[in-house]
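Proteins get letters first, then strands, A, B, ... in listed order; numbering begins at 1 in each.
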Amino acid sequence: MSQMASMEELLGRALAEHLPLSAEDLAGLLQTPPSPELGDYGLPCYALSKYLHKAPDRIAEELRAEVELPEGVCEARAEGAYLNFFVDRPAVTEHVIRTILAGGADYGSDQQGAGKTIVIDYGSPNIAKHLGIHHLPSAVIGQSLYRIYEKLGYRCVGINFLGDWGTSFGRLIAGVERYGIEHPERLSVADMQELYVRYSTEADGEPELQQAARDAFRRLEEGEQQAVRIWSACREVSLEEFDRVYGRLGVSFDEVRPESFYNERLRETVERLRRDGIVQESQGALIIPLYEDGLPPCMLQKSDGASLYAARDLPAAEHRWEQYHFEKALYVVGNEQSLHFRQLAAALKQMGHEWADRIKHVNFGLIKFRDPETGRARVGSTRRGEMLLLDEVLDEAVARARRKIEDNAERLEAEADLGELAAQVGVGAVVFRQLSTRRTRDVVFEWDRMLDFEGDTGPYVQYAHARLCSILRKAGQPMAADVDHSLLALPEEWVLVRHLERFPRAVLGAAQECEPSAIASYLLELCADFSTYYSAGMREPDRRVLCEDAATRAARLALVEAARHVIRSGLALLGMAAPDRM
RNA sequence: GCGCCCGUAGCUCAGUAGGACAGAGCGGCGGUUUCCUAAACCGCAGGUCGCAGGUUCGAGUCCUGCCGGGCGUACCA
């Protein structure tokens, strides 16, 4: 959808007539003054003085006199070293609101990704274990990036790369055999986890048991029937649980691809690497030396011949390339694996894959827990019982949301809405909390913080949306086809319009940085502006959306409708529901 | 030792390709509900932007060094 040139572009072109810079560069220099009284757009002239060899405030003054104001701009003022522009607010307001209402859910969309594919690897849990709170970041960041890139026109492929292969499954198999479990298919995930811990504990300091586990994994790799039977039973049970929990979070995938899928290819890959002289044997293990890249070697096989996860990532990456010829392949995986992904890219490069640099590790901070004794934060461990289940956290969030909703039950239309609404708000709080902070920061888990519904939270945004919906319901009239936008003259209304105008840029920024928190921050600010506007109408009936004057009311309703669209779209980009009432 | 991430108000965090006086939420104090949903709004208090240099007309933002925390660093993923 081609839109009219933005105000920045128009101003950039006008300024370029008088300056030795391109219209694009000048448009980029424009910023929004700290307060609306100063102007709507501002150009800092400091940087220009090195081209013009004049004092910045003189440049501002001279430009003010010279520049021919483009249509829609009504005044330019020199303010010290800044040249500030005042736009024709009704015209901009009309343009912004019309664009949003015409585009609907498409507002903020872009065609930059047309014809391009982005592969996103997220989720990626290990089977035979519950999904814990530490699985939250990858799942929701990945899902949000998926939606953000999709909005920009990319074809996205979400892949859940299941950890179903590796030495740890040797212990599980050995455990089933050792403890005489006859029907492994009847084990629950909890049973498997317990079995794993039991065996690991027992094997501690027992070389025979450790050896038995290694043997079991080797038997699995060799395709021995009993090992395969136990392992695949465990996988089935795990998959069911993953489906359910990811479903609660609103997370889904296009492909659920187990690591074991690459078992065959792995052999071929290793053979090929041997032929090409890329791998070396070292201390009985198989490695790809990466000294030239300043990295430790990438280890493919242990000295007992069992494969390592790095070995599985190579054929998986090649396979993804063959399937999709991706523009980018994102791996939404924690900080702690940053070395692994640098090795992966370097190894692929050595294998001659030019596309290796299209791989991007979208890292995120760890979820940590406060040690009750030392007071210090550190990564949780299953052994210390610090494994918090994703299910538990969501259950608690939904329960709290439910209580809150019951306090305001009169707002609901039907009893039946309660369960679903509680889920939308409770889960929304958890998802938003994760996505509201820049992804690389570590976070210390705290119940009250994770489940907060007030202040800078998901429910705050959802609440603003519900209020907007409520106004529209109460209006009880269809959206007027033609409204007089000049009636939106309140300062708070102008602030809102400027904010709505920024949404497309927020989406582009979030995509560029792979940073969903940019959307979350945007929404919080937008909703704060709306809440201020809304509350101003509490005291003064004239300032309400549903005011006396019919024409003003119609114009304000259009603004409300536009804001509702944007909040709804923003929440969708975060993978959150936008309930109509709460 | 080396690598990656982080270090902004008591706490949790924003700070847009270096630019107009460092912002928000929580917590604290004080207000707001005959009024479009108070999961809200308004006001007050609170900051040597880890430290020291450097680049620049200008640095929370860029460079170097150091300090503090986290996570990695060949047979886990």
Side-chain angles (χ1 to χ4, degrees), chain A residues 28-29 31-35 38 42 44-47 49-50 55-56 79-82 84 124 126 163 165-168 259 282-287 294-304 306 308-310 312 333-340 342 361 363-366 368 376-379 401 404-405 407-408 410-411 425 429 436-438 440-444 446 448-449 452-457 459-460 462-464 466-475 502 505-506 509 517-518 521 524-525 528 531-532 534-541 544-547 556 560 581-582:
Chain A
L29 285 172
Q31 50 191 235
T32 304
S35 110
L38 287 169
C45 299
Y46 303 97
S49 58
K50 74 170 154 243
E79 193 81 37
Y82 289 83
N84 292 332
S124 307
N126 286 342
W165 210 247
T167 348
S168 59
E259 286 185 23
S282 170
Q283 299 168 39
L286 209 57
I287 62 165
L295 296 170
C298 179
M299 200 162 166
L300 304 181
Q301 248 177 38
K302 303 199 288 185
S303 45
D304 69 356
L308 256 19
Y309 78 126
R312 280 160 249 143
V333 180
N335 265 336
E336 73 279 10
Q337 292 203 37
S338 61
L339 176 59
H340 166 67
R342 289 202 297 154
H361 176 207
N363 58 333
F364 56 81
L366 276 44
K368 298 190 285 194
R376 296 173 70 145
R378 52 168 167 57
V379 173
K404 184 87 187 170
I405 295 163
D407 291 343
N408 303 300
E410 74 283 358
R411 294 175 188 169
V425 175
S436 63
T437 301
R438 248 172 49 233
T440 47
R441 298 185 83 105
D442 289 348
V443 294
V444 178
E446 284 166 286
D448 285 341
R449 199 170 140 64
D452 196 4
F453 294 166
E454 291 169 16
D456 283 350
T457 65
Y460 174 85
Q462 290 173 319
Y463 181 69
R467 281 171 135 188
L468 288 159
C469 290
S470 177
I471 294 172
L472 292 165
R473 272 197 304 273
K474 294 224 158 129
R502 271 177 39 205
R505 284 174 57 184
S517 69
S521 300
L524 286 171
E525 287 169 22
S531 293
T532 298
Y534 182 93
S535 300
M538 293 283 203
R539 287 248 165 234
E540 301 168 64
R544 282 181 212 159
V545 174
L546 302 176
C547 57
R556 288 179 181 170
V560 163
R581 52 184 99 214
M582 58 188 281

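For B:rU56 and B:rA38, the C1' atoms lie 50 Å apart once the distance is rounded to whole Å. A distance of about 10 Å separates the P atoms of B:rU61 and B:rC49, rounded to the whole Å. Across the P atoms, B:rC51 and B:rG28 are found 29 Å apart, a figure rounded to whole Å. Taking atom C1' on both nucleotides, B:rC11 is separated from B:rA17 by 32 Å, rounded to a whole Å. Rounded to whole Å, the separation between the P atoms of B:rG46 and B:rC57 comes to 36 Å. On the C1' atoms, B:rC13 is 14 Å away from B:rA22, given to the nearest whole Å. For the C1' atom pair drawn from B:rG60 and B:rG50, the interatomic distance equals 12 Å after rounding to whole Å. When the P atom is compared between B:rU64 and B:rC4, the two are found 11 Å apart, to the nearest whole Å.
With hydrogens and angles ignored, no donor-acceptor pair closer than 3.5 Å exists between the side chain of A:D452 and the base of B:rA39. You'll find a donor-acceptor pair under 3.5 Å spanning the side chain of A:Y309 and the base of B:rA77, going by distance alone. In terms of polar N and O atoms assigned as donor or acceptor, the side chain of A:S282 comes within less than 3.5 Å of the base of B:rA74 in a complementary pairing.
Side chain of A:V425, nearest nucleotide from B:rA38, B:rA74, B:rA39: B:rA39. In the set B:rA20, B:rU37, B:rC41, the nucleotide with an atom closest to the side chain of A:P34 is B:rA20. Of the candidates B:rA77, B:rA39, B:rU16, the closest approach to any side-chain atom of A:L308 belongs to B:rA77. Taking the side chain of A:Y534 as heavy atoms from C-beta on, and the options B:rA77, B:rA20, B:rA38, the nearest nucleotide is B:rA38. Of the candidates B:rC5, B:rA20, B:rG70, the closest approach to any side-chain atom of A:D442 belongs to B:rG70. In this structure, the nucleotide among B:rG25, B:rA20, B:rC42 sitting nearest to the side chain of A:D456 is B:rG25. In this structure, the nucleotide among B:rU32, B:rA40, B:rG3 sitting nearest to the side chain of A:R342 is B:rG3. Closest to the A:P33 side chain, of the nucleotides B:rA39, B:rA20, B:rA74, is B:rA20. Comparing B:rA39, B:rA40, B:rC6 by their nearest atom to the side chain of A:T440 picks out B:rC6. Relative to the side chain of A:S521, the nucleotides B:rA14, B:rA39, B:rC5 differ in distance, and B:rA14 lies closest.
In this structure, B:rU32 forms a base pair with B:rA40, meeting either the Watson-Crick or the G-U wobble geometry with both donor-acceptor distances under 3.5 Å. Base pairing annotation: B:rG23 forms a Watson-Crick or G-U wobble pair with B:rC13, both donor-acceptor distances under 3.5 Å. The nucleotide B:rA59 finds no pairing partner, because no Watson-Crick or G-U wobble arrangement with both distances shorter than 3.5 Å includes it. The partner of B:rG68, taking Watson-Crick or G-U wobble pairs whose two distances both stay under 3.5 Å, is B:rC6. When Watson-Crick and G-U wobble pairs are counted only if both distances are under 3.5 Å, B:rG47 pairs with no nucleotide at all. B:rG1 and B:rU73 make up a base pair, with Watson-Crick or G-U wobble contacts both under 3.5 Å.
For the pair A:R556 (side chain) and A:R544 (backbone), a donor-acceptor distance under 3.5 Å is present. Panel note: side chain A:S282, backbone A:A285; no donor-acceptor pair is recorded below 3.5 Å. At least one donor-acceptor pair under 3.5 Å links the side chain of A:S338 to the backbone N or O of A:N335. The backbone N or O of A:A466 lies less than 3.5 Å from no partner atom in the side chain of A:R581, so there is not a single donor-acceptor pair.
For the pair A:E79 CD and B:rC21 P, the computed distance is 11 Å after rounding to whole Å. Separating the CG atom of A:L546 from the C1' atom of B:rU37 is a distance of 13 Å, rounded to the nearest angstrom. Atom OH in A:Y460 sits about 13 Å away from atom P in B:rA38, given to the nearest Å. Between the P atom of B:rA17 and the CZ atom of A:R505 lies a distance of 9 Å, rounded to the nearest Å. When rounded to the nearest whole Å, the span between CD of A:Q31 and C1' of B:rG18 equals 11 Å. Distance, A:R467 CZ to B:rA40 P: 8 Å, rounded to whole Å. Atom C1' of nucleotide B:rG7 and atom CZ of A:R441 are separated by 8 Å, given to the nearest angstrom. Distance A:R411 CZ to B:rA40 C1': 10 Å, rounded to the nearest Å.
At the heavy-atom level, A:G166 lies under 4.0 Å from the strands shown only through sugar-phosphate atoms. Counting any heavy atom pair closer than 4.0 Å across all strands shown, A:Q337 reaches a base atom. Within 4.0 Å (heavy atoms only), A:T167 reaches sugar-phosphate atoms of the nucleic acid but no base atom. Residue contacts for A:D448: at a heavy-atom cut-off of 4.0 Å it reaches no nucleic acid atom on any strand shown. The residue A:L29 sits close to a base: some heavy atom pair falls under 4.0 Å. Across all strands shown, A:L295 has no heavy atoms under 4.0 Å from either base or sugar-phosphate atoms. When heavy atoms are screened at a 4.0 angstrom cut-off, A:E540 is found touching no nucleic acid atom at all. Note on A:R556: nothing from the nucleic acid sits closer than 4.0 angstrom, heavy atoms only.
Heavy-atom nearest nucleotides on RNA chain B were determined for A:T532 and for A:N363, and the one closer to the 5' end corresponds to A:N363. Between A:S517 and A:L366, the residue anchored closer to the 5' end of RNA chain B is A:S517, taking for each the nucleotide with the nearest heavy atom.
A distance of 11.5 Å separates CG of A:L366 from OG1 of A:T440, quoted to the nearest 0.5 Å. Put simply, SG on A:C469 and CD on A:Q462 are 11.5 Å apart, with the number rounded to the nearest 0.5 Å. In this structure, OG on A:S470 lies 6.0 Å from OH on A:Y534, to the nearest 0.5 angstrom. Annotation: the span from A:E454 atom CD to A:K404 atom NZ amounts to 5.0 Å, rounded to 0.5 Å.
For B:rC41, the OP1/OP2 oxygens have no side-chain nitrogen or oxygen of A:R539 closer than 4.0 Å. Side-chain N/O atoms of A:K474 include one lying less than 4.0 angstrom from OP1 or OP2 on B:rU37.
Contact check for A:R467 versus A:S531: side-chain heavy atoms found under the 4.5 Å cut-off.
Contacts of A:F453 classified as ring pair (Phe, Tyr, Trp, His ring centres under 6.0 Å), with partners at least two apart in sequence or in another chain: none.
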